[in-house]
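These figures come from a predicted structure and were not determined experimentally. Positions are given from 1, in the same order as the sequence printed here. Values reported hereafter were calculated over all heavy atoms of this structure, with side chains retained and with hydrogens, waters and symmetry mates removed.
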Amino acid sequence: MATITVDLSTDPISYSPGPEVKHGDTVVFSMGSYPPAYTADVVFPDGTCLTVPSPYSLGGSSLTTSSSQTVSMTAHKGLYSFNATIHDGTPPKGTAPLHPTERDRKNGGIDVTGDPPEDPV
């Protein structure tokens with residue numbers, strides 16, 4: 001099984017070796033080069049291909065800088081879109097619009113390249 005790293009710090013989000021995954025592969029969401037105070041929340045709004053449902057929280061002093069997940073053996077072939085919200089570690093400032101460095105939103109996707117394995121008859 002392969003490991004695919006999703007680097008949230010690049011613009012656009014980068015994938016190594018690529019966004020294509022197979023059943024049982026490991027997907028690692030990484031904070032990459034973001035400073036230690038930054039955090040991220042990753043959400044699959046339309047359903048996930050991973051075994052653990054989102055959201056995944058990354059970064060900050062008490063959280064890990066990466067989240068390792070496994071592609072479900074029952075995930076159907078197709079693109080699974082996700083949203084990543086990056087926070088710079090400063091508290092929200094009420095209802096005023098946030099400065100772009102305080103919150104950054106990025107979109108990405110994981111492409112399951114095969115249908116689930118069929119049970120032998």
Side-chain angles (χ1 to χ4, degrees):
M1 302 297 165
T3 298
I4 291 77
T5 301
V6 180
D7 187 345
L8 302 176
S9 68
T10 59
D11 194 17
I13 292 172
S14 63
Y15 305 84
S16 178
E20 299 83 16
V21 297
K22 293 184 178 9
H23 299 96
D25 284 353
T26 300
V27 177
V28 178
F29 292 96
S30 170
M31 292 295 291
S33 62
Y34 278 120
Y38 278 55
T39 62
D41 295 309
V42 178
V43 176
F44 285 81
D46 300 318
T48 184
C49 60
L50 304 174
T51 56
V52 176
S54 65
Y56 312 114
S57 297
L58 309 170
S61 59
S62 63
L63 300 171
T64 61
T65 57
S66 67
S67 177
S68 178
Q69 304 296 331
T70 304
V71 177
S72 172
M73 295 304 284
T74 59
H76 292 282
K77 181 178 181 179
L79 183 65
Y80 292 81
S81 298
F82 65 84
N83 303 318
T85 304
I86 314 298
H87 308 274
D88 74 353
T90 59
K93 295 181 175 125
T95 58
L98 295 175
H99 186 274
T101 61
E102 294 174 317
R103 182 173 292 163
D104 188 15
R105 293 171 196 236
K106 297 181 177 185
N107 299 315
I110 296 173
D111 190 6
V112 176
T113 60
D115 284 320
E118 292 185 19
D119 289 329
V121 180

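- Contact check for Pro45 versus Asn83: side-chain heavy atoms found under the 4.5 Å cut-off.
- The shortest non-hydrogen separation linking Thr48 to Pro53 is CG2-CA, 4.3 Å.
- Phe44 and Ser81 get closest at one heavy-atom pair: CD2-O, 3.3 Å.
- Rounded to the nearest 0.5 Å, atoms CG (Asp11) and CG (Leu8) are 11.5 Å apart.
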**Request:** Would you sort out whether Leu50 and Val71 count as a side-chain contact (heavy atoms from CB on, under 4.5 Å), showing the intermediate values?
**Result:** CA-CA 4 Å; Leu50 304 174; Val71 177; 4.0 Å; yes
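- Nearest heavy-atom pair, Ser9 versus Ser33, reported as atom, atom and distance to 0.1 Å: OG-N, 3.0 Å.
- Remark: side-chain polar atoms of Ser30 are paired, donor with acceptor, to backbone N or O of Gly32 under 3.5 angstrom.
- Every side chain to side chain contact (heavy atoms under 4.5 Å, CB included) that Asp41 has, sequence neighbours left out, goes to Ser57, His87.
- When the side chains of ILVMFWY residues are joined at heavy-atom separations under 4.5 Å, either directly or via intervening members, Val6 and Val52 end up in a single hydrophobic cluster.
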Throw together a table of side-chain donor-acceptor distances under 3.5 angstrom for residues 16-27, partners on residues two or more places apart or in other chains.
residue	atom	partner	partner atom	Å
His23	NE2	Ala75	O	2.6
Asp25	OD1	Ala2	N	3.0
Asp25	OD2	Lys22	N	2.8

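- When side chains are defined from C-beta on, Ser14 counts as touching Asp7, because their heavy atoms get closer than 4.5 Å.
- Rounded to the nearest 0.5 Å, atoms CG (Leu58) and CZ (Phe29) are 8.5 Å apart.
- Ring orientation note: the planes of Phe82 and Tyr15 are nearly perpendicular, at an angle over 60° on the 30°/60° scale.
- Nearest heavy atom pair, residue Cys49 against residue Val112, reads CB-CG2, 3.6 Å.
- The heavy-atom pair separating Thr39 from Gly59 by the smallest distance is CG2-C, 3.8 Å.
- In the hydrophobic clustering of this structure, Val43 does not group with Tyr38; members are Ile, Leu, Val, Met, Phe, Trp, Tyr whose side-chain heavy atoms approach within less than 4.5 Å, directly or through other members.
- The heavy-atom pair separating Ala40 from Met31 by the smallest distance is CB-SD, 3.5 Å.
- The distance from atom OH of Tyr80 to atom OG of Ser72, rounded to the nearest 0.5 Å, is 8.0 Å.
- Contact of the Ile110 side chain with the Ile4 side chain is not registered, since no non-hydrogen atoms from C-beta on lie closer than 4.5 Å.
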